[in-house]
Amino acid sequence: MSALNWKPFVYGGLASIVAEFGTFPVDLTKTRLQVQGQSADARFREVRYRGMFHALFRICREEGGRALYSGIAPALLRQASYGTIKIGIYQSLKRLFVDRMEDETLLINVICGVVSGVISSAIANPTDVLKIRMQAQGSLFQGGMIGSFIDIYQQEGTRGLWRGVVPTAQRAAIVVGVELPVYDITKKHLIMSGLMGDTIFAHFVSSFTCGLAGAIASNPVDVVRTRMMNQRAIVGSTELYKGTLDGLVKTWKSEGFFALYKGFWPNWLRLGPWNIIFFITYEQLKRLPF
């Protein structure tokens with residue numbers, strides 16, 4: 001592998017880990033907000049949190065500050081795999097189509113984003129399952145990361161580790177297929193129009209824009225994905241949602257359309273800062289002299 005090819009993989013993984021650690025408490029509140037209010041699930045029927053800040057304060061008060069980082073180990077492991085593969089494949093695929101940023105088009109970038117999102121999220125799915133369960137159950141969750149992987153495998157088999165892989169891949173296709181192309185195209189036009197140079201401020205504006213676009217596009221699938229990953233751990237052998245479409249329809253029917261946007265504010269307030277931290281870190285790593 002040439003020097004030009006390994007950098008997106010390594011820099012993408014490192015930047016993803018930095019961004020994940022910095023925004024993890026917000027991601028945890030998003031998960032808690034998304035799993036509450038399920039009429040078919042007794043343990044999550046109660047609406048305990050009125051919003052992101054209420055969830056943050058209540059979790060701190062009832063479970064302690066450390067609970068805000070419940071699931072951080074599999075989350076960082078996920079980013080080390082998912083982030084590395086996602087950015088590496090995306091950048092490598094783009095170079096197969098065009099040699100320079102100036103020649104990139106929105107269509108090419110979307111195709112590369114969708115493909116890289118699906119592949120990377122499918123490979124990293126087991127770490128996502130464990131992260132979701134640790135976040136949803138908080139102090140009720142028992143066992144460490146390795147022991148929990150083994151327990152899920154023993155109790156639910158390989159299928160348990162890849163539970164929710166279809167909505168996860170669908171969400172990743174939407175998120176990556178929207179965020180990375182929006183970032184690249186926004187940055188390209190800011191620089192080529194002369195409004196900004198290739199500076200941190202241009203990276204900030206581009207990453208803020210792509211975070212908002214990704215949150216709007218992905219939230220409904222994200223709600224269903226979160227619930228599907230958590231359902232077996234809560235309701236035994238009963239599956240509340242048979243798939244993404246089934247989950248979307250059932251959630252809409254039983255809780256209303258806006259239930260599909262549960263956790264939107266923490267989702268955006270996570271994706272926004274996450275993308276800002278990620279892209280600024282990634283762009284600075286790209287400038288390293290090796």
Side-chain angles (χ1 to χ4, degrees), residues 1-20 78-125 128 168-218 221 271-272 274-290:
M1 184 177 291
S2 67
L4 289 176
N5 290 331
W6 64 264
K7 289 182 180 180
F9 289 91
V10 175
Y11 296 165
L14 289 173
S16 296
I17 289 171
V18 172
E20 187 71 16
R78 177 181 183 269
Q79 289 302 335
S81 53
Y82 172 66
T84 300
I85 299 168
K86 175 183 72 177
I87 300 301
I89 291 179
Y90 176 71
Q91 297 294 346
S92 300
L93 280 177
K94 283 199 304 177
R95 295 290 79 88
L96 288 177
F97 290 102
V98 294
D99 293 326
R100 302 180 305 158
M101 179 192 75
E102 293 80 3
D103 299 326
E104 294 175 11
T105 65
L106 183 60
L107 178 60
I108 288 174
N109 289 5
V110 168
I111 292 172
C112 295
V114 169
V115 172
S116 64
V118 170
I119 294 173
S120 55
S121 63
I123 293 173
N125 198 78
D128 216 13
T168 297
Q170 290 169 338
R171 177 187 179 274
I174 294 169
V175 171
V176 183
V178 169
E179 284 183 352
L180 296 186
V182 167
Y183 176 83
D184 282 343
I185 295 300
T186 303
K187 187 179 80 167
K188 172 185 172 182
H189 286 296
L190 286 174
I191 294 171
M192 295 186 69
S193 66
L195 286 173
M196 300 179 192
D198 191 5
T199 63
I200 286 181
F201 188 61
H203 305 155
F204 174 87
V205 173
S206 302
S207 55
F208 179 88
T209 304
C210 79
L212 177 59
I216 293 172
S218 69
V221 177
L271 282 176
W274 196 100
N275 279 290
I276 290 167
I277 295 170
F278 170 81
F279 281 111
I280 288 177
T281 303
Y282 180 72
E283 296 283 1
Q284 295 307 304
L285 286 171
K286 281 167 57 179
R287 296 179 178 182
L288 290 174
F290 53 80

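Values below: every heavy atom of this structure, side chains too, minus hydrogens, waters and symmetry copies. None of the values given here were measured: they were computed from a predicted structure.
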| request: Give the minimum heavy-atom separation between Ser206 and Leu190, together with the two atoms involved. | output: OG-CD1, 3.7 Å

| task | State, to 0.1 Å, how close Val182 and Cys210 come at their nearest heavy-atom pair, and which atoms those are. | result | CG1-CA, 3.7 Å

| task | Check step by step if side chain to side chain contact (heavy atoms under 4.5 Å, CB included) holds for Ser16 and Trp274. | result | CA-CA 8 Å; Ser16 296; Trp274 196 100; 3.9 Å; yes

| Steps toward side chain to side chain contact (heavy atoms under 4.5 Å, CB included) verdict (Tyr90, Asp184) | CA-CA 11 Å; Tyr90 176 71; Asp184 282 343; 2.6 Å; yes

| task | Could you tell me how the ring of Trp6 sits relative to the ring of Tyr11: parallel (under 30°), tilted (30 to 60°) or perpendicular (over 60°)? | result | perpendicular

| note | Closest non-hydrogen atoms of Gly117 and Ala172, given as atom of the first, atom of the second and distance, are O-CB, 3.3 Å

| Sub-3.5 Å donor-acceptor pair from the side chain of Thr186 to the main-chain atoms of Tyr183, do we have one? | no

| task | Please report the shortest heavy-atom distance between Leu106 and Pro181, naming the atom on each side. | result | CD1-CB, 4.0 Å

| task | Measure across Ile277 and Ala19 and return the closest heavy-atom pair with its distance rounded to 0.1 Å. | result | CG2-CA, 3.7 Å

| query | Taking NZ, NE, NH1 and NH2 as the nitrogens, is one of them in Glu179 or Lys86 under 4.0 Å from a carboxylate oxygen of the other? | reply | no

| said: When you compare the side chain of Leu180 with that of Phe279, does any pair of heavy atoms fall below 4.5 Å? | reply: yes

| field | Verdict with reasoning, His203 to Ile276, per side chain to side chain contact (heavy atoms under 4.5 Å, CB included) | value | CA-CA 8 Å; His203 305 155; Ile276 290 167; over 6 Å; no

| task | Looking only at non-hydrogen atoms, find the nearest pair between Glu104 and Lys94 and report the distance. | result | OE2-NZ, 3.2 Å

